[in-house]
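Inspection log for the structure reproduced underneath, given as structure tokens.
Throughout, a chain's letter reflects where its sequence line sits, starting with A, and its residues are numbered from 1. These numbers were taken from a predicted model, which means no experiment stands behind them.
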Amino acid sequence: MNKMNFSRRNFLKVSASAAGGLMLGFHLPQAAEAGAHGAAVEINAWLTIDPNNIVSIVTPQTEMGQGAFTAVPMMIAEELDIPWENVRHVFADANRHVNNNNLYTTTSTGGSTTVSRRHPYMMQAGASARERLRVAAATKWGVPVEQVTAKQGVLTAGANSATYGELAADAVNVTLAEEPKIKAYKDWWLLGKEDVKRLDIPLKTSGTATYPIDVTVPGMVHAAVQSCPVPEGKLVSFDFEAIKGMPGVIAAVELKQVKDVPAFTDLRSAVAVVADEWYQAKNALAVLPIVWDLGRGASISSESQNAEALQLLAGPGTLVLNQDGNIGKNLDKGVNHDAVPGIIAASSKVVQGEVYHRPFETHATMMPPCAVADVKADRADVWTFTQDIARSLNEVADQLGRDTKSVFLHQTYLGGGFGGGYNMDVHRQATAISAEIGRPVKVIRSREEDIAQDSQRPPVWGTYKAALGDDGLPVALVTHFVGEEKMPAFSQRGVANMPYLVPNRRHEYSAVQNHIPIGYHRAPGANHNGFIVEQMVDELAQAGGWDPLEWRLKMTEGNEPWQRILLAMKEKSGWRTDMGSGEGMGCAVVESHGTIAGCVATVSVSRRGQIYIDKLDYYINSGYVISPLTAREQAESSAIWELSHTIFGGLVVRDGRIVNTNFDSYPMARMPDTPPEIQVHLENSEDQWWGGLGEPTGPPTPPAIANAVFYATGKRIRVTPLSKVAL
Amino acid sequence: MAITLNINGRDYAIDADPQMPLLWAIRDKAGLTGTKFGCGIAQCGACTVIVDGNAVRSCNVPAATAVGKAVRTIEGVSEQNDHPVQLAWQELTVPQCGYCQSGQIMSAVALLEKSADPSDNEIDSAMAGNICRCGTYPRIRAAIHRAAELSKA
Ligand code: FES
Ligand code: FES
């Protein structure tokens, strides 16, 4: 287990700290909340209790829509045993975390891990607080601690009774002889319940949730930024004289690249124009003469990468071993990978796949990247688009060459994240500009700059070759996927470790040249690879005379978590492949982030080739689920996320630059594109395993739709977006 | 140059040049940050406000064009966060990241003021200008129906 210190040693007085540093008149309405409970007592770093029995719980993870600000308080409230209506949420203090030996263990928020990986120590924090309250009550009443119950915010022993709030101050001084164990699933009273309301909803219907873009600091100016339109390229010069006289313009600042090839949050070579108002900065930047050294990327395009990929697929790739395994643990141990091509060559029933492809996709969070920095001589305050407030704090301190004690990275809500908050240098840009001009500054990226410079989801190409046995099931299979050079692992996930037990397996990999930045996304590997693997499966089933759902059941025999999903799909979806006359059902199942998600899609296709998605039906096995409401929301969300890419997505690279950089040329799914019916079935195994829920329904969506279109039309869709496919 | 904008029933004297988009006048001059920036080209709806009863993408119109008109933003929808649309949004837990939701709510309010009980088709076309990257569309659709019900009660 994680080493955590739940005693008082590291703890400060709550009133000044819980909101993240001093109140400087910033426009941060929620942050005032911590101060409002001035009389609240901090039991441990995770929670305070006030005399009215209101419990304020800190969430070190970022709330970007996925429900962290509800999930973390839920886990702590479960153990503390406090009514949900008494629970409030407060922001975490990154400065306190960083300067106290990572007080909250981590502030990183991604990979669907907030609940799945972090629940042991979060629940421990609540359990520990509850036990200290019990000891305090026992001491006060002179009874053995075993006689004290702590339930729904009330401590009781015989005739004695007190609220947590009444004994909170006493509990502060208690040191436990031993930390309690966290509760088992069967004892949960709050976790797993359907009707637990999210804590962040009211702020988000009144427009008062604060995002970095909403922060205002006295004396603040605004900056628009531009990095080289061909990523990896560098600034040569710019001519400030040309824009000097434009309304509001204050300065132009060069942002210097530190590393040769920047990745993730490394500062990139860029120019910033600073003005009184943001639109003035943006207008001036648009006409600022800039000379760039475009670098190696200028000759790369979607076409050139595609041609390179096809050439690579025609030859052999590098062998990839299945090291990850998967839920159900059906590894391909003992397989002689080198023998597989020979087995296929000798077979009389060979299936040769065609080439599948999916293009680059971008985050396009509704809130464009932005940050506010106020760098003063003795302290620096920053609000930014980040999925890890501590890492951003450390990076700002490092960039300024200052002690982390003087850097305050304030937590805010995020207008979406989806992995993008790990790859962003916008906090570094704001810090550099503020330090240079000696004033607080707000940097906002235009949507065009956001999409041009974002860390993208990489493209993938893939094909396969299989030999079938007498029963029509594959006896040997070679898959070959092509990714790109920067994050090759994304093109391997879910392929080498697919759950289907083909006795002789070999997975090969190759990479195209690529200068476009790549970063964490919503299930980047599974979303792309699932499209290929789950259509390959349908093609193999069809070639062998199997129903595609029966094929999947057969090929995962003995694998309970998968069987549970596949059987639910078979029993509840009204599954059939013979709808006829322009209608079809298709299925797909993909594991990602420790969760298995199946999708059954029902489509109709008009005579002119127009595809209508009538229904999307999801079946999810994440082991446990603590918030069914959030699980359903995230299932709908990641489904529509990938539906959007299926219908409309695809970045286009020309002369090294991304050319579709706003919603007119990179369209999104909108209300009319949303299927009339989306159903989510939680089919959990509930056995000592916690899967993530922020992303898994995305991956099975495009292959289920494509498989359904096949049954409706007899035509197979091997590339996305559908908007560019002629049926 | 100073202009006067009437926002949520209150007059704001705003010092802005004529080309300043209404969005930035609302956010940075009037200090009402509930209205959001998402694309700047009238494609996403994050900046939706109601001007004289019509849903308008404020990123794409100069502030000067709103002079003499009644501008409503999310802050003016209700005092207590209890407009039927807001109540329905809360009941059905519509928002995820929340960033698009001010714009969604303003589009929904404008729709319901014109059509008290909209069909799915009316909802689709009235809401088509608002993107939600978190994919809350099914809940928005249900919540508009619910808000219509709450308004009748
Ligand atoms: S910001 Fe106005 S429509 Fe997108
Ligand atoms: S709730 Fe996040 S963009 Fe709509």
Check: How far apart are the C-alpha atoms of B/Gln43 and A/Met668, what are their side-chain angles, what is the distance that settles it, and do they pass the side chain to side chain contact (heavy atoms under 4.5 Å, CB included) test?
Finding: CA-CA 10 Å; B/Gln43 285 288 316; A/Met668 293 272 151; over 6 Å; no
What is the minimum heavy-atom distance between [X] and [Y], and which atoms define it?
X        : Y        : answer
A/Ile640 : B/Pro138 : CD1-CD, 3.5 Å
B/Cys100 : A/Met366 : CB-CG, 4.4 Å
A/Pro672 : B/Asp124 : CG-O, 3.5 Å
B/Tyr99  : A/Pro368 : OH-CD, 4.0 Å
B/Pro95  : A/Ile201 : O-CD1, 3.4 Å

Roughly how far, to the nearest 0.5 Å, is [atom2] of [Y] from [atom1] of [X]?
X        : Y        : atom1 : atom2 : answer
B/Cys39  : A/Asp450 : SG    : CG    : 11.5 Å
B/Glu91  : A/Lys197 : CD    : NZ    : 6.5 Å
A/Asp214 : B/Asp28  : CG    : CG    : 9.5 Å
A/Thr365 : B/Arg133 : OG1   : CZ    : 8.5 Å
A/Ser665 : B/Ile41  : OG    : CD1   : 7.0 Å
B/Thr33  : A/Ile213 : OG1   : CD1   : 10.0 Å

Note to self: Using side chain to side chain contact (heavy atoms under 4.5 Å, CB included), reason through A/Arg632 and B/Arg139 one step at a time and then give a plain yes or no.
What the structure shows: CA-CA 11 Å; A/Arg632 286 177 207 288; B/Arg139 283 170 195 264; 4.0 Å; yes
Of the listed residues ([options]), which shares the most heavy-atom pairs with chain B below a 4.5 Å separation?
options                                : value
A/Leu414, A/Asn283, A/Asp200, A/Thr630 : A/Leu414
A/Pro247, A/Ala364, A/Gly416           : A/Ala364
A/Lys442, A/Glu63, A/His363            : A/His363

What part of [X] is in contact with chain B, defined as an atom under 4.5 angstrom from a non-hydrogen atom: side chain, backbone, both or neither?
X        : value
A/Asp276 : neither
A/Glu677 : neither
A/Leu643 : neither
A/Ser644 : side chain
A/Met64  : backbone
A/Pro675 : backbone
A/Glu633 : both

Notebook entry, point to check: With a cut-off of 6.0 Å (strictly less than), are more than 12 heavy atoms of other residues, nucleotides or ligands near CD of B/Glu79?
Noted result: no
Checklist line | Qualifying residue, where the test is side chain to side chain contact (heavy atoms under 4.5 Å, CB included) with A/Met671 and the options are B/Asp120, B/Ile123, B/Asn130, B/Ile131 | finding: B/Ile123
Item checked: Set of side-chain contact (heavy atoms from CB on, under 4.5 Å) partners for B/Thr4, sequence neighbours left out -> B/Asp11
Donor-acceptor pair, distance only, cut-off 3.5 Å: does the side chain of [X] make one with the backbone of [Y]?
X        : Y        : value
A/Tyr211 : B/Cys97  : yes
B/Gln96  : A/Ser637 : no
A/Arg198 : B/Thr93  : no
B/Gln90  : A/Pro202 : no
A/Arg670 : B/Cys44  : no
B/Tyr137 : A/Ala669 : yes

Checklist line | Where at least one partner belongs to residues 11-33 of chain B, residue pairs that pass ring-ring contact (aromatic ring centres under 6.0 Å, His included), sequence neighbours excluded | finding: A/Trp278-B/Trp24, B/Trp24-B/Phe37
Notebook entry, point to check: Do B/Val94 and A/Lys204 pass the side chain to side chain contact (heavy atoms under 4.5 Å, CB included) test, and can you show the C-alpha distance, the side-chain angles, and the key distance before you say yes or no?
Noted result: CA-CA 9 Å; B/Val94 173; A/Lys204 293 174 176 177; over 6 Å; no
Next item on the list: Give the C-alpha distance, both sets of side-chain angles, the deciding distance and a yes or no for side chain to side chain contact (heavy atoms under 4.5 Å, CB included) between A/Phe418 and B/Cys134.
Entry: CA-CA 9 Å; A/Phe418 316 117; B/Cys134 298; 4.0 Å; yes
With chain A as the partner, which of [options] has the greatest number of non-hydrogen pairs under 4.5 Å?
options                             : answer
B/Cys132, B/Gly34, B/Ser78, B/Gly98 : B/Gly98
B/Gln101, B/Met127, B/His83         : B/Met127
B/Met20, B/Glu75, B/Gln86           : B/Met20
B/Val85, B/Asp17, B/Leu87           : B/Asp17

Checklist line | Under 4.5 Å from any heavy atom of chain A - which part of B/Gln19 | finding: both
